[in-house]
Amino acid sequence: MEPVKNNRTKWLHLRLNADEFELIQKQFKKTTCRKLSDFARKNLLQKPMVLKYRNQSLDELIQELIQLRFQLNAVGNNFNQSVKKLHTIAEISDLKKWMTAFESDKKGLFETVEKIKTNIENLSQKWLQS
């Protein structure tokens, strides 16, 4: 059997005012249709369309998690810099200075990690209540 050709050879011209066009554009953007012509064809022929659904609480959760990821990356970078500096130390006096600086950095690191843990706990509680 030969495949059935589904060439669209007929044109439908349609004029809209600016408000009508804007309304159609807004409706089109809410769907998964890639082309406005596909959207219009499905609409005119009353075929089913898949609408995009955005869960606002999920979007907010994702934004919070992105911020937490940036904070964790910063903590990791600071730790890596401290370790690299440790490997370049040649004298005992430099080691003592590094140990003092490292203790304050470590305290800040642990405080930041605790804040991140608290934020994650709060987010998970919010998410479970939704």
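Worth saying up front: this structure is predicted, and the values here are computed from it rather than measured. All values below come from the heavy atoms of this structure, side chains included, with hydrogens, waters and symmetry mates left out.
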Hey, could you give me the NZ/CG distance between Lys29 and Leu36, rounded to the nearest 0.5 Å? 10.5 Å

Whether Asn7 side chain and Thr9 backbone form a donor-acceptor pair below 3.5 Å: no

Pro48 and Lys42: which non-hydrogen atoms are nearest, and at how many Å? O-CD, 4.0 Å

Indicate, with yes or no, if Phe28 and Phe21 share a hydrophobic cluster defined by side-chain heavy-atom contacts under 4.5 Å among Ile, Leu, Val, Met, Phe, Trp and Tyr. yes

Check the surroundings of atom CD in Gln46: do more than 12 heavy atoms from other residues, nucleotides or ligands lie under 6.0 Å from it? no

Any side-chain heavy-atom pair of Phe39 and Thr32 under 4.5 Å: no

Begin from the C-alpha positions of Ile24 and Asn43 and carry the test side chain to side chain contact (heavy atoms under 4.5 Å, CB included) through to its verdict. CA-CA 10 Å; Ile24 288 174; Asn43 225 347; over 6 Å; no

Would you call Glu64 and Ile120 a side-chain contact if the rule is heavy atoms closer than 4.5 Å? no

What I'd like to find out is whether the side chain of Asn78 reaches to under 4.5 Å of the side chain of Gln81, using heavy atoms alone. yes

Is Asp38 paired with Arg41 through a side-chain N to carboxylate O contact shorter than 4.0 Å? yes

Under a single-linkage definition using a 4.5 Å side-chain heavy-atom cutoff for Ile, Leu, Val, Met, Phe, Trp and Tyr, are Ile116 and Phe70 assigned to the same hydrophobic cluster? yes

Joint cluster assignment, Phe110 & Phe102, ILVMFWY side-chain distance < 4.5 Å: no

Do Leu65 and Leu72 share a hydrophobic cluster (ILVMFWY, side-chain heavy atoms under 4.5 Å, transitive)? yes

Dump the intermediate steps for side chain to side chain contact (heavy atoms under 4.5 Å, CB included) on Gln71 and Lys115, then the final yes or no. CA-CA 10 Å; Gln71 288 178 350; Lys115 287 179 188 176; 5.8 Å; no

Here the gap from Glu20 atom CD to Gln25 atom CD, rounded to the nearest 0.5 Å, amounts to 13.0 Å

Apply side chain to side chain contact (heavy atoms under 4.5 Å, CB included) to Leu14 and Leu16, showing your working. CA-CA 7 Å; Leu14 184 66; Leu16 304 169; 4.2 Å; yes

I'd like to know whether Val50 forms a side chain to side chain contact (heavy atoms under 4.5 Å, CB included) with Thr31, so could you lay out the CA-CA distance, the side-chain angles of the two residues, the decisive distance to 0.1 Å, and finally the verdict. CA-CA 6 Å; Val50 177; Thr31 68; over 6 Å; no

